[in-house]
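Source: prediction; values computed, not measured.
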Amino acid sequence: MLKQEYWLTNVSLEQSYVMEDGQVTGTRTSLGHLRIEDGVIAAIVDGDTELTSELPKVDGKGLLLLPSFEEAHIHLDKTYYDSPWKAVRRISSIFERIEEEKVLLPKLLPDAKRQAESILSLIQGYGSTHVRSHCNIEPVSGLKRLEATKQALETFSGKISSEIVAFPQHGLLRSNSVELMRQSMAEGATHVGGLDPHTVDEHIEKSLNVMVELAVQYQAGIDIHLHDSGEPGKQTLLQLADLTEEAGLQGKVTVSHAFWFARAEQQETEDMAKRMASLGMSVASTVPIGKMMMPLPMLHKYGVNVKLATDSLTDHWSPFGNGDQLEKAGRFAELYGYNDERSLAQSLAFVTNGITPLDSEGQQVWPKVGDTASFVLVEASCSAEAVARRSARQAVWFEGRLVSGSVE
């Protein structure tokens with residue numbers, strides 16, 4: 001393990017954009033050395049500076065330094081990952097899947113901790129150093145899946161930061177899970193979850209009120225799964241926005257999926273985006289394709305905090321998630337036509353909690369002295385190439401500690 005103070009040498013750092021005829025056509029980089037002390041970047045010097053320090057040195061070998069990634073929505077506690085392959089069963093409704101899950105969950109529980117740890121190793125190898133995991137809280141599981149998730153995260157203590165959403169997968173009201181949710185918040189969950197207050201709980205106002213009351217009681221955030229479209233989806237978002245404002249939860253509410261935006265009229269979606277942005281609300285999205293393609297660039301334009309995410313990683317809901325956030329940023333760029341140097345580079349922000357080496361004007365804004373030393377070394381010439389080519393990640397650091405990969 002690396003010592004508390006050392007130099008990371010010869011890493012490629014972005015400096016500015018190359019402009020030609022008013023367009024960004026490239027990215028300038030130069031080699032630099034970073035002194036890491038107690039998990040923080042304590043100094044940055046040019047790569048041609050001779051280091052006379054006796055501190056240990058780790059050679060970055062010219063690899064590109066990027067901010068590490070954030071996994072904004074994943075389910076660590078129920079998965080087929082690190083077990084034999086199994087595709088999903090066809091269903092006719094979410095309720096059919098819930099019934100399937102009631103039978104399946106007890107069978108998966110004995111392996112839940114091990115599989116969660118395997119997922120954490122996977123996503124960290126891809127460059128993620130923060131994870132928000134949704135964890136089933138319902139009568140079938142009680143708090144057992146929360147315990148398994150906490151144990152897995154404890155295994156990665158000092159290697160990854162985390163949040164846990166108490167997720168009433170079988171319906172907050174429908175499965176009478178309010179008391180279990182209360183217990184889960186007392187036992188360490190950081191966010192109150194929810195699921196389709198109209199379709200599943202069949203009472204938008206009551207379902208949302210319970211979520212908000214729990215969030216206020218435990219001084220927690222909210223992260224709700226919302227698949228409902230049409231008028232129910234719209235009313236859920238409007239009421240959630242009103243409750244966010246009334247309860248003083250600005251900046252603490254996330255809507256995962258938010259599929260209402262995929263099919264609503266443009267003016268309605270823009271008005272909703274402005275309302276959500278005014279309250280600091282976020283949208284976590286898997287970047288769906290096809291009929292549920294989301295207007296993510298519009299949401300970002302109007303100030304909604306858009307975060308990209310994996311969601312299911314090879315489980316009974318979906319076989320497709322792979323845990324690679326750089327791949328997700330590349331998919332975003334490809335889907336929405338972000339194919340020029342500047343747009344590709346700025347797409348990185350959707351998986352780094354908004355951090356990019358250069359801002360949209362080409363000013364160098366990361367890394368700076370005082371920044372947390374959480375970053376990834378990639379085999380790329382610049383952020384734009386890394387996003388477009390899903391470049392290989394060589395090594396990952398979390399708060400000054402090498403946690404995945406190697407530069408040997």
Side-chain angles (χ1 to χ4, degrees), residues 73-79 94-95 97-99 101-117 119-120 131-157 160-197 200-226 240 243-244 247-249 252-256 284 311-312 315-317:
H73 180 131
I74 197 168
H75 295 262
L76 294 176
D77 68 308
K78 51 183 185 183
T79 181
I94 190 173
F95 302 111
R97 184 70 78 205
I98 289 172
E99 289 306 310
E101 192 171 281
K102 289 178 181 179
V103 176
L104 184 61
L105 287 177
K107 299 176 182 178
L108 295 175
L109 184 61
D111 293 319
K113 175 179 178 287
R114 175 186 61 81
Q115 290 176 305
E117 291 170 346
I119 292 176
L120 289 168
V131 58
R132 177 180 290 189
S133 178
H134 293 250
C135 180
N136 261 46
I137 303 295
E138 23 69 19
V140 174
S141 302
L143 301 185
K144 293 177 182 178
R145 312 197 80 78
L146 175 62
E147 186 60 30
T149 300
K150 288 167 57 180
Q151 289 174 356
L153 290 169
E154 182 60 31
T155 302
F156 280 73
S157 177
I160 198 167
S161 57
S162 61
E163 299 166 304
I164 299 176
V165 182
F167 175 42
Q169 174 71 85
H170 302 167
L172 178 60
L173 305 182
R174 189 183 191 90
S175 63
N176 297 312
S177 294
V178 177
E179 187 54 38
L180 279 172
M181 289 284 287
R182 202 180 307 279
Q183 292 174 30
S184 71
M185 298 308 296
E187 289 293 321
T190 59
H191 288 67
V192 177
L195 173 65
D196 296 334
V200 177
D201 277 345
E202 299 181 329
H203 201 305
I204 295 173
E205 184 176 4
K206 185 176 180 181
S207 182
L208 291 177
N209 276 330
V210 172
M211 281 180 238
V212 171
E213 287 168 7
L214 285 170
V216 171
Q217 180 181 353
Y218 290 96
Q219 298 181 314
I222 290 175
D223 192 333
I224 177 177
H225 283 63
L226 185 60
L240 180 58
L243 288 169
T244 297
L249 293 173
K252 299 178 70 174
V253 175
T254 298
V255 182
S256 288
D311 192 17
S312 296
D315 64 12
H316 52 287
W317 292 85

Open item on the list: For a quick test of reading the model, state the closest non-hydrogen atom pair linking L120 to A152 and the distance between them.
Closed with: CD1-O, 3.8 Å
Open item on the list: Would you compute the distance between atom CZ of R182 and atom OG of S177 and round it to the nearest 0.5 angstrom?
Closed with: 12.0 Å
Open item on the list: Nearest 0.5 Å, please: how far is OG in S256 from CZ in F167?
Closed with: 9.0 Å
- [ ] Start with the C-alpha distance between V200 and L173, add both sets of side-chain angles, then the distance that settles side-chain contact (heavy atoms from CB on, under 4.5 Å), and finish with yes or no.
- [x] CA-CA 8 Å; V200 177; L173 305 182; over 6 Å; no
TODO: With rounding to the nearest 0.5 Å, note down the distance linking CG in L214 to CG in N209.
DONE: 11.0 Å
Task: Side-chain heavy atoms of I224 within contact of T254, under 4.5 Å - done: no
- [ ] Output all residues satisfying salt bridge (charged side-chain N to carboxylate O under 4.0 Å, His left out) with K102, sequence neighbours left out; order by chain, then residue number.
- [x] E99
Task: Atom pair OG1 (T244) and CE (M211), whose distance is rounded to the nearest 0.5 Å - done: 11.0 Å
Task: Side-chain touch V165/H73, heavy atoms, less than 4.5 angstrom - done: no
Open item on the list: Run the side-chain hydrogen bond (donor to acceptor under 3.5 Å, both in side chains) test against E147 and tell me which residues pass, sequence neighbours left out.
Closed with: Q151
Task: Close side-chain approach of H316 to T79, heavy-atom, < 4.5 Å - done: no
Open item on the list: Checking R132 now: which residues fulfil salt bridge (charged side-chain N to carboxylate O under 4.0 Å, His left out) with it, not counting sequence neighbours?
Closed with: E163, D223
TODO: Taking the side chain as every heavy atom from C-beta outward, state whether F95 and R174 have any atom pair closer than 4.5 Å.
DONE: yes
Task: ring-ring contact (aromatic ring centres under 6.0 Å, His included) evaluation trace for H134 with H225 - done: CA-CA 10 Å; H134 293 250; H225 283 63; 4.8 Å; yes
Task: side-chain contact (heavy atoms from CB on, under 4.5 Å) assessment of I74 paired with D311 - done: CA-CA 4 Å; I74 197 168; D311 192 17; over 6 Å; no
Task: Shortest non-hydrogen separation from L249 to A220 and the atoms involved - done: CD2-O, 4.0 Å
Open item on the list: According to salt bridge (charged side-chain N to carboxylate O under 4.0 Å, His left out), who are the partners of K252, at least two apart in sequence or on a separate chain?
Closed with: none
Open item on the list: Do L146 and K150 have side chains that approach each other closer than 4.5 Å (heavy atoms only, starting at C-beta)?
Closed with: yes
Open item on the list: I'd like to check P197 versus L226 (side-chain heavy atoms, cut-off strictly below 4.5 Å). Are they in contact?
Closed with: yes
Task: Minimum heavy-atom distance between S133 and T149, given as atom pair plus value - done: OG-CG2, 4.2 Å
Task: Distance (rounded to the nearest 0.5 Å) between I222 CD1 and L240 CG - done: 6.0 Å
Task: Shortest non-hydrogen contact from S312 toward W317 - done: OG-CB, 3.6 Å
Open item on the list: Testing the 3.5 Å rule here: is there a donor-acceptor pair between the side chains of T155 and E117?
Closed with: yes
Open item on the list: For L195 and Q169: C-alpha separation, side-chain torsions, deciding distance, then whether side-chain contact (heavy atoms from CB on, under 4.5 Å) applies.
Closed with: CA-CA 7 Å; L195 173 65; Q169 174 71 85; 3.7 Å; yes
- [ ] Please lay out, stage by stage, how L153 and I164 fare under the test side-chain contact (heavy atoms from CB on, under 4.5 Å).
- [x] CA-CA 10 Å; L153 290 169; I164 299 176; 3.7 Å; yes
TODO: Identify, with sequence neighbours excluded, every residue that meets salt bridge (charged side-chain N to carboxylate O under 4.0 Å, His left out) alongside E154.
DONE: none
List, one per line, each side-chain donor-acceptor pair under 3.5 Å for residues 135-142, sequence neighbours excluded.
| unit_1 | atom_1 | unit_2 | atom_2 | d |
| --- | --- | --- | --- | --- |
| N136 | OD1 | K78 | NZ | 2.8 |
| N136 | ND2 | E101 | OE2 | 2.8 |
| N136 | ND2 | E138 | OE2 | 2.8 |
| E138 | OE1 | V140 | N | 3.0 |
| E138 | OE1 | S141 | N | 2.9 |
| E138 | OE1 | S141 | OG | 3.4 |
| E138 | OE2 | S141 | OG | 2.7 |

Task: Nearest heavy-atom neighbours spanning S184 and A166 - done: OG-CB, 3.2 Å
TODO: Assess whether atom CD of E179 is packed by more than 12 heavy atoms of other residues, nucleotides or ligands within 6.0 Å.
DONE: yes
TODO: Supply the atom-to-atom distance M181 CE to L143 CG, rounded to the nearest 0.5 angstrom.
DONE: 11.0 Å
Open item on the list: Any side-chain to backbone donor/acceptor pair from D201 onto H203? Under 3.5 Å, distance only.
Closed with: no
